[in-house]
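Just so you know, these numbers use all the heavy atoms, side chains as well, and skip hydrogens, waters and symmetry mates. In this text the structure is predicted, and so the values were computed from the model without any measurement. Counting starts at 1 for both ligands and their atoms, following the listed order.
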Amino acid sequence: MNTDSQKTYILAIESSCDDTAAAVLQNDKVLSNVVANQAIHQEYGGVVPELASRAHQQNIVPVVTAALRKANIDKKQLSAIAFTSGPGLLGSLLVGTSFAKSFAMGLDIPLLDINHMKAHILAHFIDEEGYDKPSFPFIGVTISGGHTQIVRVDDYFEMEVIGETIDDAVGEAFDKSAKIMDLPYPGGPLIDKYAQLGDPKAFPFTKPKVDGLNFSFSGLKTQIMYFVQRQQEANPDFLKEHRDDVCASIQYTIVNILMDKIKKAVKETGITQIAIGGGVSANSGIRTALKKAETTHGWKTFLPKFQYTTDNAAMIGIVGYLKYKDLVEKDSFQNLEVSAQSRLKI
Ligand code: KG4
Ligand code: ZN
């Protein structure tokens, strides 16, 4: 076991959804970050779990090999293996879990099970030039295709979910709206692209009324669906003629829903540092709104580098490194009894 805390090499594996990813970190620095996206799901307009696990099986060895090669690290130099144990699709998680377990066993090094949602938040602790790290406490906002959560973060491993969606995730709201508009999956980035060309106030959509810091996005999706149907009945070319304005209006509404709850979380906790993570944190609308809040509200906001927004293994690696350091200090490594858990909570 490599216990030289000056140079810890972590191999990280992420396979919770439809991206097979591997990364190598030297302490908190990313040496390589490889992601194989699964184009197969585009044909079906969403992730098909059976196809995802089969693609993970095909991708995992080449992806891990590429990550080690790009990092210029021999597997014998590795200090530990970190992998996503949940939440996610069980079949997909199991591919990463069993690979990580056998690799760690073969190398006789520790295995670290990592929570995917915590990793989206802790990705901000990757050492990157030009990117500040938040200090504790801060508010983590995880916005992805599977989750929408507001998390109070008091320490690396002391987090509390203080708000979450009661139905669809925000990424789903983007993707389902895009589907209604006949845009290919995943439609979030396309809505973002076209929104930048349109008028955000062209078509006002109403925001849902949800108590506390929780979110709801399913009503918005239905509202958009009926709106588009109505408009198309009157003008079959409606989407062709107004695509950019519809996208801008959808994005404007979603960003406002998120910002309202973040403002409420700041008010309730008194914490003014906000760090976002997850695929939707790549969205230009939420990024602009948060940056603006630095001047209007005096917040400090942390926006992840683009390659650490959507699913990646570097974020699993940084949590692996933080956990490894903690375990070395406490001299208490876990055994290989860890397993995949599709509904793992923060
Ligand atoms: O974190 P992620 O890669 O996977 C999950 O853990 O779910 O997030 C994927 C989600 C998809 O719903 C995708 O449409 C959305 O992130 N997304 C975006 C943008 N880039 C990715 N949504 C809006 N604007 C974007 N620029
Ligand atoms: Zn994710």
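Backbone or side-chain N, O or S atoms of H147 do not reach the Zn ion (ligand 2) at under 2.8 Å.
Salt bridge annotation for K264-D260: absent, with no cationic side-chain nitrogen under 4.0 angstrom from a carboxylate oxygen. Between K240 and D237 there is a salt bridge, since at least one side-chain N of the basic residue sits less than 4.0 Å from a carboxylate O of the acidic one. A salt bridge links R152 with D154: at least one charged nitrogen is closer than 4.0 Å to a carboxylate oxygen. Looking at K291 and E294, a side-chain N of the basic residue comes within less than 4.0 Å of a carboxylate O on the acidic one, giving a salt bridge. For the pair E128 and K305, the salt-bridge criterion is met [side-chain N within less than 4.0 Å of a carboxylate O].
An N or O contact shorter than 3.5 Å links G146 to ligand 1 by distance.
In this structure, the protein non-hydrogen atom closest to atom 24 (N) of ligand 1 is N283 ND2, 2.9 Å. The protein non-hydrogen atom at the shortest distance from atom 11 (C) of ligand 1 is D175 OD2, 3.4 Å. Ranking the protein heavy atoms by distance from atom 26 (N) of ligand 1 puts D192 OD2, 2.9 Å first. Of the protein's non-hydrogen atoms, G188 CA, 3.5 Å is the one closest to atom 22 (N) of ligand 1. When only non-hydrogen protein atoms are considered, atom 3 (O) of ligand 1 lies nearest to D311 N, 2.9 Å. For atom 17 (N) of ligand 1, the closest non-hydrogen atom of the protein is G279 O, 3.6 Å. Scanning all protein heavy atoms for the shortest distance to atom 10 (C) of ligand 1 gives G145 N, 3.5 Å.
Rounding to the nearest 10°, we obtain 90° for the angle at the Zn ion (ligand 2) between H116 NE2 and D311 OD1.
With a 6.0 Å cutoff to the six-membered ring centre and a 45° limit on the axis angle, R230 does not count as a cation-pi contact of F203.
Heavy atoms of H147 found under 4.0 angstrom from ligand 1: none, in either backbone or side chain.
For the residue pair E241 and N235, a side-chain donor N or O sits within less than 3.5 Å of a side-chain acceptor on the partner.
Close approach of ligand 1 to G171 is summarised as follows: ligand atoms under 4.0 Å from at least one heavy atom of the residue are 12 (O). Applying the 4.0 Å criterion to heavy atoms of H120 picks out, from ligand 1, the atoms 1 (O). Atoms of ligand 1 lying under 4.0 Å from at least one heavy atom of H116, given by number and element, are 6 (O).
Classified by interplanar angle (parallel below 30°, tilted 30° to 60°, perpendicular above 60°), the ring pair F99/F103 is tilted. Ring pair F125/F138 is tilted by interplanar angle, where 30° to 60° counts as tilted.
A donor-acceptor distance shorter than 3.5 angstrom exists from the side chain of K261 to the backbone of N214, with no hydrogens or angles considered.
Heavy atoms of K193 stay at 4.0 angstrom or farther from ligand 1. Not a single heavy atom of Q251 sits under 4.0 Å from any atom of ligand 1.
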